[in-house]
Amino acid sequence: MNMEAIASIRMSNNKKRFSDEQIKSLEFMFEAESRPESRMKQRLADELGLQPRQVAIWFQNKRARSKTKQIEHEYNNLKAEFEKLASNYELLKRENQSLLLQLQKLKNILGEKS
DNA sequence: TCTAGAAGAGCTGTTACCTCA
DNA sequence: GTTGAGGTAACAGCTCTTCTA
């Protein structure tokens, strides 16, 4: 494929970011319904001057991004919980060692007396 | 009823492009 | 002007669900 052909594909494939207004409407709709029916997507596309496929893809990508963020959030919560438990475990371990030491001392004392 | 296959929609991973530091 | 990173629109390929003959 020559450079001209590649350039023409790129021109036809020209990717434009959606306007703030379009994003605002899409976000608003997403808040209400993350999986709108195709009729709704068609209506939204008409209102925003987009192709229905563009709206469908936007919702697809938005759901994927939301899911990633939710997983990130859950991961952070679990990590914090794990760190809390791990620190508590270390505390209990040290307490246990100290108690075992005390017990050993008592045994020694009692052993000497008998 | 049961079933195979077509159609439509969603999910996941990837690519290509744009923007910005 | 160049470059690398991050964000995102668009796509490909697969799965799942629903419908129907």
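Quick caveat: nothing in here was measured; it's all calculated off a predicted structure. Each chain gets a letter, A, B and so on, in the order its sequence line appears, and its residues count up from 1. Heavy-atom basis, side chains included; hydrogens, waters and symmetry copies ignored.
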**Prompt:** Just wondering, are more than 12 heavy atoms of other shown residues or ligands nearer than 6.0 Å to CG in D20(A)?
**Reply:**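 No, the 6.0 Å shell around CG holds no more than 12 heavy atoms from other groups.
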
**Sequence neighbours excluded, every pair satisfying salt bridge (Lys or Arg N to Asp or Glu O under 4.0 Å) that has a member inside residues 31-51 of chain A** =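 Counting only pairs at least two positions apart or across chains, the salt bridge (Lys or Arg N to Asp or Glu O under 4.0 Å) contacts touching residues 31-51 of chain A are E37(A)-R39(A), R43(A)-E47(A).
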
Can you see if the side chain of [X] gets near the phosphate of [N] - specifically, an N or O under 4.0 Å from OP1 or OP2?
{"X": "S38(A)", "N": "dG8(B)", "result": "no"}
{"X": "R65(A)", "N": "dG13(B)", "result": "no"}
{"X": "R17(A)", "N": "dA9(C)", "result": "no"}
{"X": "K67(A)", "N": "dG10(B)", "result": "no"}
{"X": "R63(A)", "N": "dT12(B)", "result": "no"}
{"X": "K62(A)", "N": "dT8(C)", "result": "no"}

Figure out the [atom1]/[atom2] separation between [X] and [N], and round it to whole Å.
{"X": "M40(A)", "N": "dA9(B)", "atom1": "CE", "atom2": "P", "answer": "15 Å"}
{"X": "Q60(A)", "N": "dT15(C)", "atom1": "CD", "atom2": "C1'", "answer": "12 Å"}
{"X": "D20(A)", "N": "dT19(B)", "atom1": "CG", "atom2": "C1'", "answer": "14 Å"}

**Request:** Indicate yes or no: at least one non-hydrogen side-chain atom of F59(A) is less than 4.5 angstrom from one of P36(A).
**Result:**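 Touching, per the 4.5 Å side-chain cut-off.
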
**Prompt:** Q22(A) versus L50(A): any side-chain heavy-atom pair under 4.5 Å?
**Reply:**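 Q22(A) vs L50(A): side chains touch.
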
**Prompt:** In terms of ring plane angle, is the pair F30(A) and W58(A) parallel, tilted or perpendicular, where the classes change at 30° and 60°?
**Reply:**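 Ring orientation, 0 to 90° scale: perpendicular.
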
**Message:** Heavy atoms within less than 4.0 Å of DNA chain C: which residues of residues 46-56 of chain A have one? Give them sorted by number.
**Reply:**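 Contacting residues: R53(A), Q54(A).
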
**Asked** Across the strands shown, which category fits F59(A) at heavy-atom distances under 4.0 angstrom: base, sugar-phosphate, nothing?
**Response**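 Answer is nothing: F59(A) stays at 4.0 Å or more from every strand.
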
